[in-house]
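One structure below.
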Amino acid sequence: MSTMNSSSSSSGFQFPLPGAPSSSWALYRARLSSLLPSVDTAVFIAFWLLGLVNNVLYVIVLSAAQDLVGNGIPKGVVLLADVMPSFLTKLVAPYFIHRIPYAARIFIFVALSSAGMLLIAFTPPSRSVAVKLIGVVLSSISSGGGELSFLGLTHYYGHMSLAAWGSGTGGAGLVGSLLYVVLTDWIGLSVKTSLLASAFLPVIMLVSFFMILPHGPLRASARKTYEPLANRDSFQEDREGAEDSFVDIPTSTASSSLLAPGPAVAATAYSSHPTEDARNHSLAAKIRRSKSLFVPYMLPLLLVYIAEYTINQGVSPTLLFPLDSSPFTEFRSFYPFYGFLYQVGVFVSRSSTPFIRIHHLYLPSLLQIANLVLLTLHALFNFIPSVYIVFVIIFWEGLLGGAVYVNTFAEIMENVPAKDREFSLGATSVSDSGGICVAGFLSMAMEVWLCNWQVDHGRDWCRRIKAG
């Protein structure tokens with residue numbers, strides 16, 4: 001406990017409450033830290049909350065897709081607005097975002113997320129859907145930047161932080177989809193009120209990073225590595241010596257047991273000012289690393305996301321059954337409930353890495369493609385006799401998708417050298433957004449095609465959906 005209190009109180013970041021003494025921030029943080037039994041627990045809670053909040057607005061927006069655009073516009077439009085900016089952010093940001101301190105990134109992500117949700121909530125139904133989509137774009141940029149940043153941050157805190165992050169992102173799907181169903185269907189709040197309430201969730205991210213997460217591993221790594229050196233040769237010698245010294249750190253102390261990375265990249269967590277030659281070399285090296293990540297890690301993650309989000313946005317809106325044979329009273333209720341079941345499966349599998357590991361990433365990806373084929377065939381030919389069977393398939397879909405996601409990054413943590421690990425974790429995250437982008441285009445065409453097919457064959461249920 002003393003180790004955690006020391007790291008908490010000596011973090012050096014002072015952000016006093018308005019009108020309070022400058023020491024009040026450290027005081028409140030110390031009091032909160034005293035409630036946590038160990039540094040490991042603090043790390044787990046912090047990363048779980050970061051994963052939860054970073055992804056929860058993305059899920060809420062997708063759950064509300066039907067209410068945001070109605071049934072005249074494919075839900076894939078919302079999906080693209082929710083993921084394309086995130087994809088572009090993940091594609092470009094890994095090459096420069098290390099120059100922005102983590103503390104500054106947190107404030108940027110919170111501001112973008114809250115502003116986006118407020119814009120969506122306050123846009124009246126009479127206004128263009130495009131205005132709402134601008135709010136979706138702002139939240140998407142925040143989510144993408146947050147994911148690659150926090151995945152990179154797990155490099156400094158070890159496997160426990162990755163497990164917590166994966167579980168938190170899975171929990172975001174569960175909380176986000178359930179929260180929207182509860183607020184709109186069970187409690188009966190309006191869509192505007194439900195979205196407005198969600199705009200304040202990003203504040204939890206500030207608490208997680210600045211008040212719960214121990215900053216000792218980041219700070220200790222930076223102190224060991226970032227010192228002005230006379231020339232590049234001496235820098236190389238000192239870095240090699242520092243790497244050797246890390247081997248000798250006792251694992252019995254809480255802070256060193258969390259300190260997973262080698263020091264070669266640790267200083268980037270705060271700031272660095274390399275020469276122009278070093279910058280050019282770093283960019284070329286990162287491009288080479290990205291290419292080496294594609295087949296073993298990026299491709300299976302890309303495939304599973306294409307399949308599952310094509311199901312979620314293009315096929316599931318047409319997986320409708322007669323109301324008298326379902327637990328629902330209106331056709332609108334099928335879509336968000338499918339989303340909730342999917343997120344339950346994602347949460348379970350993303351929380352499973354401490355117990356179950358999957359090393360062959362292509363197998364669950366191929367099984368997900370089989371799910372897509374099966375559900376598409378049912379949307380066409382209506383051969384599955386009960387909606388409850390579809391419920392099970394959707395849950396299975398979530399299990400597969402979550403398993404590929406969290407095990408991909410677990411494999412990187414185990415197999416990629418420490419000096420390349422922070423970049424590799426962030427760069428690989430582009431695959432999920434890339435897969436969702438592809439699925440967005442596919443789903444726009446598939447939803448319209450499947451709905452028209454059903455209407456032509458005497459099932460007009462997809463045309464009876466009324467937006468909230």
Side-chain angles (χ1 to χ4, degrees), residues 50-69 73-100 102 104-123 127-152 165 169 172-173 176 195 198-199 201-202 205 290 298 301-302 305-306 308-310 312-314 339 405 425-444:
L50 288 171
L52 175 76
V53 177
N54 187 73
N55 284 28
V56 72
L57 298 185
Y58 165 82
V59 176
I60 290 174
V61 167
L62 290 186
S63 298
Q66 195 163 252
D67 295 320
L68 294 180
V69 300
I73 300 177
K75 265 55 76 184
V77 172
V78 178
L79 175 62
L80 285 176
D82 207 10
V83 74
M84 184 69 79
S86 175
F87 168 70
L88 295 176
T89 301
K90 293 177 183 179
L91 188 65
V92 176
Y95 301 96
F96 67 83
I97 200 169
H98 62 279
R99 302 183 184 280
I100 305 175
Y102 278 103
R105 298 186 212 178
I106 297 293
F107 285 106
I108 294 172
F109 300 152
V110 170
L112 287 172
S113 295
S114 296
M117 296 306 294
L118 289 172
L119 182 60
I120 297 171
F122 283 116
T123 300
R127 297 292 297 273
S128 172
V129 172
V131 178
K132 298 178 183 178
L133 295 182
I134 293 174
V136 176
V137 167
L138 294 177
S139 296
S140 175
I141 294 173
S142 172
S143 178
E147 183 173 11
L148 70 90
S149 294
F150 298 133
L151 278 170
W165 166 265
T169 57
L195 295 175
S198 68
L201 293 175
M205 196 180 294
S290 296
M298 290 184 172
L301 191 60
L302 178 73
Y305 269 82
I306 290 175
E308 70 189 70
Y309 273 86
T310 301
N312 293 347
Q313 305 302 119
Y405 177 90
L425 288 165
T428 301
S429 69
V430 74
S431 290
D432 59 13
S433 294
I436 299 172
C437 286
V438 174
F441 289 107
L442 291 175
S443 64
M444 284 192 294

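Nothing here was measured: the structure is a model prediction, and the numbers come from that model.
- Distance check, rounded to the nearest 0.5 Å: CG of Leu80 to OG of Ser443 gives 6.5 Å.
- Here Leu301 contributes atom CG and Ile306 contributes atom CD1; the two are 10.0 Å apart, rounded to the nearest 0.5 Å.
- Considering only residues two or more places apart in sequence or on other chains, Asp432 meets the salt bridge (Lys or Arg N to Asp or Glu O under 4.0 Å) condition with Lys90.
- For the residue pair Tyr95/Ser290, the side-chain donor-acceptor check at 3.5 Å is satisfied.
- Phe150 is not listed as a side-chain neighbour of Ser429, based on a closest heavy-atom distance of 4.5 Å or more.
- Atom-to-atom distance recorded for Ile60:CD1 and Leu195:CG is 7.5 Å, nearest 0.5 angstrom.
- Here the straight-line distance linking atom CD1 of Ile134 with atom OG1 of Thr123 works out to 8.5 Å at 0.5 Å rounding.
- With sequence neighbours excluded, the residues satisfying side chain to side chain contact (heavy atoms under 4.5 Å, CB included) with Val61 are Leu68, Val78, Asp82, Met117, Ile120, Val136.
- Residues passing the ring-ring contact (aromatic ring centres under 6.0 Å, His included) test with Tyr405, sequence neighbours excluded: Phe409.
- Judged by distance alone, with hydrogens and angles left aside, the side-chain atoms of Arg105 form a donor-acceptor pair with the main-chain N or O of Ile100 at under 3.5 Å.
- Ser86 has its side chain out of reach of Tyr58: every pair of non-hydrogen atoms, C-beta onward, lies at least 4.5 Å apart.
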Checklist entry - Hey, mind stepping through Trp165 and Leu151 against side chain to side chain contact (heavy atoms under 4.5 Å, CB included) and telling me if it holds? => result CA-CA 8 Å; Trp165 166 265; Leu151 278 170; 3.5 Å; yes
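- For the side chain to side chain contact (heavy atoms under 4.5 Å, CB included) test, residues two or more places apart in sequence or in another chain that qualify with Leu112 are Ile108, Leu138, Ile141, Ser142.
- Every residue two or more places apart in sequence or in another chain that forms a side chain to side chain contact (heavy atoms under 4.5 Å, CB included) with Ala93 is listed here: Thr89, Phe96, Ile97, Leu148.
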Next on the checklist: As a quick check of understanding, evaluate side chain to side chain contact (heavy atoms under 4.5 Å, CB included) for Leu119 and Val131, giving each step before the final call.
Outcome noted: CA-CA 8 Å; Leu119 182 60; Val131 178; 4.3 Å; yes
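- Evaluation of the ring-ring contact (aromatic ring centres under 6.0 Å, His included) rule for Tyr305 yields Tyr309 as partners, not counting sequence neighbours.
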